[in-house]
Amino acid sequence: MAHEQHEQNENHENHEQHEQHEQQETHRHEGHARDGQASEGHHGHGHGTEIDWAAMAPHLEAQAELFMPLYEKALSWLGKEVTEPGLIVDAGSGPGVVSCLFAEVFPGARVMAVDGSGPLLERARARADRLGHGDRFGALVGELPGALDELAYPADLIWAGRSLHHLGDQRAALAAFAERLAPGGTLAIMEGGLPSRFLPRDLGFGRPGLEARLDALETEWFAEMRADLPGVVEEAEDWAALLSAAGLKHARSRSFLLDLPAPASDRARAYIADYFGRLRDNFGDTLDPGDRAVLDRLLDPRDPASVHRRQDVFVLAAHSVHTAVKPV
């Protein structure tokens with residue numbers, strides 16, 4: 001208990017030092033996200049590659065809540081490997097939806113949400129308090145991976161849910177994460193998977209294959225986002241090899257499916273409309289005119305063919321988790 005109290009005091013002081021600076025800074029290159037990862041569609045992006053994380057908070061929360069069945073499967077799998085962890089760190093926690101799920105799944109653990117965005121961490125703290133986890137939930141404001149140096153003691157599990165790709169040197173970041181693990185501790189990163197799908201290939205109007213063309217635009221944006229990061233290092237995303245290079249053992253990977261079949265719920269429809277609305281608005285002048293017209297119809301609640309009303313809208317997604325263990 002003494003080390004937990006020390007950590008709480010240290011985190012409070014760190015939060016006070018960073019909060020004023022964070023509120024002045026709106027556009028960032030450092031992640032969360034993602035999970036509140038985090039997020040589907042590589043965040044609410046535009047022609048630039050900077051991301052306003054505070055403005056993204058409602059979208060990040062809505063996505064993580066919708067994707068909760070996928071995260072529950074991933075954490076259940078982790079729970080078979082990580083037994084009775086004392087400290088779990090959510091590196092790039094965003095608004096803390098998944099951080100709080102860790103607190104629920106591992107009731108004996110202390111959970112530390114770490115993120116570069118003070119406003120997102122405030123939402124994480126509020127969520128933890130609302131769900132009854134506040135007494136064993138901490139928040140640490142700072143840039144990854146350096147912020148982990150502020151931890152009072154090593155972690156038994158570090159989770160980076162779709163946040164690593166916001167760090168320029170991913171190899172160095174993994175090594176830094178591994179350094180902050182206790183012997184026998186596990187590093188788990190959620191990166192990669194498959195592009196999500198929400199619509200049938202043929203909508204009955206416009207050219208079939210709309211989502212595949214949108215994927216191409218997002219892939220291009222993602223490459224530009226990576227290229228713009230400070231200290232970026234090109235790296236083959238062989239996660240097992242990178243985890244091994246960080247000195248970790250027993251690298252494993254598994255993908256988890258979210259399958260919400262048609263007809264979609266109102267919550268799913270709201271998320272899908274927000275997702276396609278961001279793509280239409282942010283990629284507007286690079287979209288094929290025909291595809292933009294299709295998006296306009298999909299987003300018009302008055303149109304029977306819109307995502308708000310059509311009966312063939314669904315959510316199908318697959319995210320991959322990669323884990324490895326620090327030698328004892």
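Just so we're clear, the structure is a prediction, and the values are computed from it rather than from any experiment. Residues: numbered from 1 along the sequence shown.
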Is Arg213 salt-bridged to Asp291, cutoff N-O under 4.0 Å? yes
Parallel, tilted or perpendicular, as decided by the 30° and 60° cut-offs, for the rings of Trp159 and Tyr71: perpendicular
What about the rings of Trp77 and Phe256, do their centers lie closer together than 6.0 Å? yes
Report yes or no: do Leu214 and Leu199 belong to one cluster of Ile/Leu/Val/Met/Phe/Trp/Tyr joined by side chain heavy-atom distances under 4.5 Å? yes
Main-chain N/O of Leu167 paired with Arg226 side-chain donor or acceptor, under 3.5 Å: yes
I want to check something: taking the side chain as every heavy atom from C-beta on, are Asp169 and Arg171 in contact at a cut-off of under 4.5 Å? yes
With the threshold set at 4.0 Å, does a side-chain nitrogen-carboxylate oxygen contact exist between Asp129 and Arg125? no
Indicate if Leu217 and Leu279 have the same hydrophobic cluster label, given that clusters are the connected sets of ILVMFWY residues with side-chain heavy-atom separations under 4.5 angstrom. yes
Check whether the side chains of His322 and Glu191 place a donor and an acceptor atom closer than 3.5 Å, and report yes or no. no
Non-hydrogen side-chain atoms of Phe102 and Leu157 separated by less than 4.5 Å: yes
4.5 Å side-chain heavy-atom contact, Leu148 and Glu179: no
Strictly distance-based, threshold 3.5 Å: is any side-chain N or O of Ser244 a donor or acceptor partner for the main-chain N or O of Ala240? yes
Would a hydrophobic clustering, with Ile, Leu, Val, Met, Phe, Trp and Tyr connected at side-chain separations under 4.5 Å, put Leu260 with Leu257? no
Asp202: partners by side chain to side chain contact (heavy atoms under 4.5 Å, CB included), with sequence neighbours left out: Pro208
Asp303 with Arg309: basic N within carboxylate O range, under 4.0 Å: no
Once rounded to the nearest 0.5 Å, what's the spacing between atom NZ of Lys326 and atom CG of Asp156? 11.5 Å
Examine distances only and state if a side-chain atom of Arg162 and a backbone atom of Met190 form a donor-acceptor pair shorter than 3.5 Å. no
From Arg136 atom CZ to Leu87 atom CG, the distance as rounded to the nearest 0.5 Å: 12.0 Å
Rounded to the nearest 0.5 Å, what separation is found between the OG atom of Ser255 and the NZ atom of Lys73? 11.5 Å
Ile272-Phe205 co-clustered via ILVMFWY side chain contacts under 4.5 Å: yes
Working for side chain to side chain contact (heavy atoms under 4.5 Å, CB included), residues Leu78 and Val105: CA-CA 10 Å; Leu78 281 176; Val105 172; over 6 Å; no
Flag, side chain of Arg180 to backbone of Leu151, donor-acceptor distance under 3.5 Å: yes
Hydrophobic cluster membership, with links at side-chain heavy-atom distances under 4.5 Å among I/L/V/M/F/W/Y: are Val325 and Val82 in one? no
Could you tell me if the side chain of Leu298 sits less than 4.5 Å from the side chain of Leu210, heavy atoms only? yes
Looking at side-chain heavy atoms only, is the closest gap between Pro200 and Arg310 below 4.5 Å? yes
Would you say that Phe137 contacts Met112 through its side chain, given a criterion of any heavy-atom pair below 4.5 Å between the two side chains? no
After noting the C-alpha distance and the side-chain angles of Trp239 and Leu164, does the key distance pass the side chain to side chain contact (heavy atoms under 4.5 Å, CB included) rule? CA-CA 11 Å; Trp239 298 116; Leu164 184 67; 3.4 Å; yes
Less than 4.0 Å between a side-chain N and a carboxylate O, is that true for Glu65 and Arg127? yes
Just checking Arg130: does its CZ atom have more than 12 heavy atoms from other residues, nucleotides or ligands closer to it than 6.0 angstrom? yes
Are Glu72 and Glu104 close enough that some pair of their side-chain heavy atoms sits under 4.5 Å apart? no
Mind checking the CG-OG1 spacing from Leu187 to Thr323? Nearest 0.5 Å is all I need. 8.5 Å
Using the ring pair (Phe, Tyr, Trp, His ring centres under 6.0 Å) rule, collect all pairs that involve residues 104-130, keeping only residues at least two apart or in two chains. none
Interatomic distance, Ser93 atom OG to Leu121 atom CG [nearest 0.5 angstrom]: 4.5 Å
Find out whether Arg110 and Tyr153 are in side-chain contact, i.e. whether some heavy atom of one side chain is under 4.5 Å from a heavy atom of the other. yes
From CG (Leu243) to NZ (Lys249), nearest 0.5 Å: 12.0 Å
Least distance between heavy atoms, Pro145 atom then Ala173 atom: CG-CA, 4.2 Å
Which label fits Phe198 and Phe276: parallel for a plane angle under 30°, tilted from 30 to 60°, or perpendicular past 60°? perpendicular
Checking Arg267 side chain against Leu66 main chain: does a donor-acceptor pair fall under 3.5 Å? no
